[in-house]
Amino acid sequence: MKNWFGKKQVLLGFLVVALGLAVYLNYHFATQNPLATTSGTTAKTTVQKNLGDSKFVGATTAKNGGGTTAEYFAAARKNRTAARDEAVEIIEDILSQPTVTDELSKQASAKLAALTDAVKQESDIETLLAAKGFSECLVFIDGDNAHVTVRAPKLTAEQSVQILDIVTAHSDVSAEKVNIVAVK
């Protein structure tokens with residue numbers, strides 16, 4: 001009988017696991033940037049505790065490693081795009097293998113479709129938030145969770161509800177899984 005688990009199948013399995021880990025780590029570290037978070041609200045419009053606010057607020061000079069809010073949003077978009085491009089490249093490499101099984105091909109195609117859908121949802125939400133008056137905004141959708149970062153000194157309850165309505169209307173994320181953060 002033919003050996004089902006050859007070197008190529010083990011390698012493909014490892015690459016799929018590595019891709020999942022890379023996407024998770026990118027998402028985790030992108031949402032854990034303490035220099036960028038100065039104040040925030042959750043979907044329930046409660047103010048979050050921000051450790052280090054007094055130390056990092058206004059850290060915009062180059063000598064202390066800070067940057068402007070516009071630089072933060074540009075860097076975050078660049079990092080998100082690079083991570084997504086890398087994930088797509090890995091999935092396409094898996095799909096281009098001649099010995100890929102039907103099951104692995106279906107899984108990789110499903111991940112690619114989910115990634116494409118998340119990119120479209122994020123883009124739609126960012127466009128609508130910009131139309132509602134948020135000069136800078138960034139949306140990360142990861143499965144059942146959404147993280148929205150907007151440029152605002154402080155969010156009112158009405159603004160938080162407005163953001164929450166846009167996110168839930170244009171994605172599959174439920175209201176309790178939406179995290180909204182304001183950045184000065």
Side-chain angles (χ1 to χ4, degrees), residues 4-38 40 56 59-60 62 65-130 134-151 163 166-168 170-174 177-183:
W4 289 98
F5 293 106
K7 291 179 184 178
K8 290 182 181 180
Q9 286 77 15
V10 172
L11 177 63
L12 288 176
F14 176 75
L15 288 175
V16 169
V17 171
L19 171 65
L21 181 62
V23 170
Y24 171 75
L25 289 174
N26 181 51
Y27 166 76
H28 177 72
F29 289 121
T31 59
Q32 299 298 323
N33 187 351
L35 291 176
T37 305
T38 58
F56 294 113
T60 59
T68 65
T69 304
E71 290 171 349
Y72 162 74
F73 281 103
R77 281 190 184 93
K78 183 179 178 182
N79 290 341
R80 179 179 67 180
T81 302
R84 294 263 167 85
D85 290 345
E86 182 180 344
V88 168
E89 183 179 318
I90 291 171
I91 291 172
E92 288 174 347
D93 285 345
I94 291 171
L95 291 174
S96 68
Q97 296 294 324
T99 59
V100 68
T101 63
D102 287 339
E103 182 180 334
L104 187 58
S105 177
K106 287 178 185 177
Q107 289 175 354
S109 295
K111 284 193 181 283
L112 187 60
L115 188 61
T116 304
D117 190 40
V119 169
K120 182 186 180 319
Q121 290 174 4
E122 290 169 356
S123 176
D124 291 347
I125 293 168
E126 288 174 359
T127 302
L128 290 169
L129 290 175
F134 295 101
S135 61
E136 291 278 354
C137 59
L138 191 60
V139 179
F140 290 102
I141 295 178
D142 180 37
D144 296 343
N145 298 305
H147 299 277
V148 181
T149 305
V150 294
R151 182 177 187 176
I163 292 169
I166 290 171
V167 172
T168 55
H170 295 280
S171 70
D172 299 329
V173 179
S174 62
K177 300 273 184 153
V178 177
N179 183 27
I180 302 169
V181 178
V183 177

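From a predicted model like this one, the values you see are computed outputs, not experimental measurements.
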Report task. List in chain and number order the residues that pass salt bridge (Lys or Arg N to Asp or Glu O under 4.0 Å) with Arg151, two or more places apart in sequence or in another chain; answer none if no residue qualifies. Result -> none

Requested in this report: Grab the two heavy atoms, one from Ser174 and one from Thr168, that are nearest each other, plus how far apart they are.
Outcome: C-CG2, 4.2 Å

Query - Electrostatic pair Glu122-Arg84, nearest N-O below 4.0 angstrom - result: yes

Report summary line: Value for CD (Gln121) from OG1 (Thr116), rounded to nearest 0.5 Å, stands at 11.0 Å

Query - Asp102 and Lys106 ion-paired at < 4.0 Å - result: no

Query raised in the report: Do Ser105 side-chain atoms and Thr101 backbone N/O form a donor-acceptor pair below 3.5 Å?
Result: no

**Report entry** Separation between CG of Leu129 and CD1 of Ile163, rounded to the nearest 0.5 Å
**Finding:** 5.5 Å

Query raised in the report: Salt bridge between Arg77 and Glu136, side-chain N to carboxylate O under 4.0 Å?
Result: yes

Query raised in the report: Any side-chain heavy atom of Leu95 within less than 4.5 Å of one from Val100?
Result: no

Query raised in the report: How close do Ala108 and Ile91 get, heavy atom to heavy atom, and via which atoms?
Result: O-CG2, 3.4 Å

Report task. Would you sort out whether Val167 and Val148 count as a side-chain contact (heavy atoms from CB on, under 4.5 Å), showing the intermediate values? Result -> CA-CA 9 Å; Val167 172; Val148 181; 3.7 Å; yes

Requested in this report: Verify side-chain contact (heavy atoms from CB on, under 4.5 Å) between Asn145 and Phe140, making sure each step is shown before the conclusion.
Outcome: CA-CA 8 Å; Asn145 298 305; Phe140 290 102; over 6 Å; no

Query raised in the report: Looking at CD of Glu89 and OG of Ser96, how far apart are the two atoms once the value is rounded to the nearest 0.5 Å?
Result: 10.0 Å

Query - Asp144/Val173 under side-chain contact (heavy atoms from CB on, under 4.5 Å): CA gap, chis, key distance, verdict - result: CA-CA 5 Å; Asp144 296 343; Val173 179; 6.0 Å; no

Query raised in the report: Between Thr149 and Cys137, is a side-chain contact (heavy atoms from CB on, under 4.5 Å) present by the stated rule, with each step listed?
Result: CA-CA 6 Å; Thr149 305; Cys137 59; over 6 Å; no

**Report entry** Nearest non-hydrogen partners of Lys8 and Thr99, listed with the distance
**Finding:** CD-OG1, 3.3 Å

Report task. Taking all non-hydrogen atoms of both residues into account, name the closest pair between Val150 and Phe73 and its distance. Result -> C-CZ, 4.0 Å

Query raised in the report: Going by distance alone, is a donor N or O of one side chain under 3.5 Å from an acceptor N or O of the other, for Gln97 and Asp93?
Result: no

Report task. Using a strict 4.0 Å threshold on nitrogen-to-oxygen distance, state whether Arg80 and Glu126 make a salt bridge. Result -> yes

Report summary line: In this structure, OG1 of Thr81 is separated from NZ of Lys78 (nearest 0.5 Å) by 10.0 Å

Report summary line: Taken in chain and number order and not counting sequence neighbours, the residues that satisfy side chain to side chain contact (heavy atoms under 4.5 Å, CB included) with Gln107 are Glu103, Leu104

**Report entry** Distance-minimising heavy-atom pair for Leu115 and Ala87
**Finding:** CD2-CB, 4.0 Å

Query raised in the report: If you take all heavy atoms of Leu15 and Ile90, which pair is closest and at what distance?
Result: O-CG2, 4.2 Å

Query - Gap between atom CD1 of Ile141 and atom CG of Asp117 - 0.5 Å precision - result: 8.0 Å

